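Quick notes on the structure that follows.
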Amino acid sequence: MSEPTGIVQVGETPTTPTVEEHASSEKFSDFPLKSELVEALAEQGIVHPFPIQSLTLPVALTGQDIIGQAKTGTGKTLGFGLPLLHRLDTSTFGEKALPQALVVVPTRELAVQVARDLESAGKKLGARIVQIYGGRAFEPQIDALEAGCEVVVGTPGRMLDLMNRGILKLHQARTVVLDEADEMLDLGFLPDVETLLAATPGGRHTMLFSATMPGAVVAMARRYMKQPTHIRAQDPRDDSATVRAVTQAVYRAHAMNKVEMLARILQAEGRGLTIVFTRTKRTAARVADDLMDRGFAAASIHGDLGQGAREQALRAFRSGKVDVLVATDVAARGIDVEDVTHVINYQCPDDEKIYLHRIGRTGRAGKAGTAVSFVDWDDTHRWVMIDKALGFNAGEPIETYHTSDHLYSDLNIPTDVTGVLPRSKRTRAGLDAEKLEDVGETGKRTPRGGGRGGRDGGRGRRRRDGSRSRSGAERAGGEGGRRRRRRRTRGGKPTDH
């Protein structure tokens with residue numbers, strides 16, 4: 001009789017190419033790229049392209065429209081970034097220069113990541129990259145556009161707002177990139193994207209990249225692209241929908257036992273940076289608080305946090321001050337952090353697309369990773385659909401608790417760990433060690449309270465991520481925390497006294 005297990009896919013260990021294999025493989029210097037780009041990449045230790053880059057560069061460098069399709073985490077950013085930077089006209093660089101290229105992405109986090117990658121690759125060119133997205137003050141973005149730039153990276157809503165104000169001028173944007181187009185479809189951004197495309201020159205060079213290709217995205221490509229070349233990069237040995245270097249496990253877990261299981265998984269051997277995904281904002285904040293109470297260096301990122309707090313958490317995660325990031329799906333796109341070894345679905349994703357986007361945060365750039373999913377009893381039907389769609393054919397997940405032996409053997413967890421991280425292993429600086437910047441947020445939500453509301457004096461409990469829970473007065477008086485106004489009545493009618 002075989003031992004019980006929750007493993008549905010065993011990840012293959014990535015092989016490190018030998019010197020001889022490297023010598024015979026393609027290099028970025030083999031492509032007709034500007035020398036400044038090749039040198040900037042070499043300084044970062046980036047010499048050999050990934051498959052999607054090798055296939056994209058020869059076509060994109062000629063100005064041919066491209067539809068690029070590859071799994072999440074396979075290097076799409078440089079696939080479009082290098083042709084975009086190569087085709088910039090450096091003779092027009094200068095004060096008041098108008099954007100020559102536009103990169104449209106679905107989320108703020110992805111905008112920051114793409115802009116950072118473009119800045120690193122184009123630093124020797126002197127190209128100026130401006131980030132345009134909501135949640136930050138308008139003024140710095142307006143000043144940057146008016147000072148002149150070569151590339152604009154941002155989200156559709158803020159771009160459209162600045163374009164309608166006459167500040168973002170796109171009539172010289174001869175290269176347009178639509179990144180993660182399927183996510184923009186899911187978020188309802190396609191009408192805004194089409195408006196932006198209509199404002200660019202007719203002879204533009206358009207590149208569309210996406211992990212999946214829904215019908216609406218294909219229809220948009222047909223309208224706005226000229227005879228695009230469809231490029232799909234896939235390892236011939238890998239016919240699965242997920243990256244084969246990721247070991248995937250799924251467990252049926254009780255809601256009251258999930259934190260106990262999570263605390264033990266976070267003490268697995270070889271665990272590095274970890275992202276924990278939840279479906280709701282409240283769950284993300286609560287799980288991060290519970291983990292910090294147990295001694296883990298954790299931070300949360302979700303829609304109720306202001307942009308400054310979200311960026312603080314991401315910076316702390318990238319720098320290693322915290323090693324556990326609890327996030328809602330708002331962060332599923334755009335978090336491209338090295339050495340993310342584990343992704344944990346604390347709540348089951350709604351469908352296989354969200355599942356793929358979540359676990360795509362690990363096993364990136366040829367590295368191995370582990371993805372663990374908790375499935376509540378009520379979510380079993382969701383997992384069964386995901387299981388069938390991705391071809392695992394594992395059926396319903398195995399019932400698992402923090403005392404289950406297979407949990408420890410599946411994930412290389414020492415059998416003597418508890419639900420609390422030993423003090424000797426609490427070596428991370430924590431979220432408070434990362435400065436919270438004032439980004440001039442728009443629509444910032446600030447807690448309001450008044451009066452006395454129990455032990456916390458009506459102020460609400462301060463969470464470790466800087467936000468506050470609702471105070472007693474706020475719970476009694478509604479969202480604004482305002483007191484109910486009492487009115488005197490006599491015989492059921494209000495009186496003036």
Side-chain angles (χ1 to χ4, degrees), residues 6 8-9 71-73 106-110 113 180 182-183 186-187 211 241-243 246-253 255 257-259 261-266 268 271-292 296-305 310 313-314 316-318 322-337 339-364 369-376 378-379 382-383 385-387 389-390 397 411 465:
V8 296
Q9 175 179 297
K71 296 176 183 178
T72 300
T107 66
R108 305 170 188 176
E109 287 72 28
L110 185 54
Q113 182 62 46
E180 305 288 14
D182 53 349
E183 180 73 358
D186 292 342
L187 296 174
T242 56
V243 176
V246 178
T247 295
Q248 297 169 63
V250 56
Y251 303 104
R252 179 180 286 169
N257 195 240
K258 284 184 179 181
V259 172
M261 292 174 62
L262 176 59
R264 285 156 176 79
I265 293 172
L266 293 178
R271 182 189 72 85
L273 299 181
T274 301
I275 303 178
V276 181
F277 281 110
T278 67
R279 278 207 303 262
T280 67
K281 297 176 283 188
R282 180 175 296 180
T283 303
R286 176 174 56 79
V287 170
D289 282 348
D290 287 345
L291 290 177
M292 286 186 285
F296 295 95
S300 65
I301 173 172
H302 52 79
D304 275 352
L305 293 179
R310 288 164 66 168
L314 284 174
F317 187 60
R318 285 194 176 96
V322 302
D323 63 345
V324 182
L325 185 67
V326 187
T328 55
D329 287 311
V330 69
R333 302 277 186 160
I335 298 182
D336 187 4
V337 181
D339 301 324
V340 173
T341 61
H342 288 64
V343 166
I344 299 170
N345 291 315
Y346 193 84
Q347 293 171 305
C348 183
D350 287 332
D351 54 42
E352 73 276 6
K353 289 195 299 182
I354 296 176
Y355 178 82
L356 292 174
H357 296 158
R358 286 183 178 184
I359 72 167
R361 302 310 102 196
T362 188
R364 299 176 76 85
T370 301
V372 181
S373 299
F374 296 158
V375 179
D376 291 270
D378 292 344
D379 287 331
R382 281 196 179 96
W383 174 256
M385 292 174 62
I386 294 171
D387 177 79
L390 299 180
L411 303 176
D465 62 5

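It should be emphasised that the depicted structure is a prediction, and the values quoted were computed from it without experimental measurement.
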| query | So do the side chains of L325 and L314 get within less than 4.5 Å of each other, counting heavy atoms only? | reply | yes
| query | How long is the span from the CG atom in L390 to the CD atom in Q248, to the nearest 0.5 Å? | reply | 7.5 Å
| Flag side-chain contact, heavy atom, 4.5 Å: V340 against F317 | yes
| Where R382 and C348 come nearest, the two heavy atoms and their spacing | CB-SG, 4.0 Å
| message | Could you check whether Y251 and W383 have their ring centres less than 6.0 Å apart? | response | no
| Minimum heavy-atom distance V246-T362, with the two atoms named | CG2-O, 3.9 Å
| How many angstroms lie between CD in Q113 and CG in L110, if you round to the nearest 0.5 Å? | 8.0 Å
| What pair of heavy atoms forms the shortest contact from L291 to A298, and how long is it? | CB-CB, 4.1 Å
| message | With rounding to the nearest 0.5 angstrom, report the CG to CG distance, L266 to D323. | response | 7.5 Å
| Steps toward side-chain contact (heavy atoms from CB on, under 4.5 Å) verdict (K258, D376) | CA-CA 10 Å; K258 284 184 179 181; D376 291 270; 2.5 Å; yes
| query | Is there side-chain contact between F296 and L262, with at least one heavy-atom pair below 4.5 Å? | reply | no
| query | How long is the gap from CZ on R286 to OG on S300, to the nearest 0.5 Å? | reply | 12.0 Å
| message | Suppose we screen for salt bridge (charged side-chain N to carboxylate O under 4.0 Å, His left out). Which residues come up paired with D387, at least two apart in sequence or across chains? | response | none
| request: Write down the atom of A284, the atom of V326, and the distance for their closest heavy-atom approach. | output: O-CG1, 3.5 Å
| Atom pair CE/CG of M292 and D290 - distance to nearest 0.5 Å | 9.0 Å
| task | Any chance you could lay out the side-chain contact (heavy atoms from CB on, under 4.5 Å) test for V259 and Y346, step after step, and finish with the verdict? | result | CA-CA 9 Å; V259 172; Y346 193 84; 3.1 Å; yes
| message | Which residues pass the side-chain hydrogen bond (donor to acceptor under 3.5 Å, both in side chains) test with T274, not counting sequence neighbours? | response | R271
| remark: Correct closest heavy-atom pair for R310 and I301 would be CG-CG1, 3.9 Å
| Candidate pair K353 and D186, rule side-chain contact (heavy atoms from CB on, under 4.5 Å), full reasoning | CA-CA 10 Å; K353 289 195 299 182; D186 292 342; 3.5 Å; yes
| field | Spatial distance of atom CG (N345) from atom CD1 (I359) [nearest 0.5 Å] | value | 8.0 Å
| field | For D351, all residues meeting salt bridge (charged side-chain N to carboxylate O under 4.0 Å, His left out), sequence neighbours excluded | value | none
| message | Less than 4.0 angstrom from a charged side-chain N to a carboxylate O is my criterion; do R279 and D329 meet it? | response | no
| remark: On a heavy-atom basis, the closest approach of A299 and A288 is C-CB, 4.2 Å
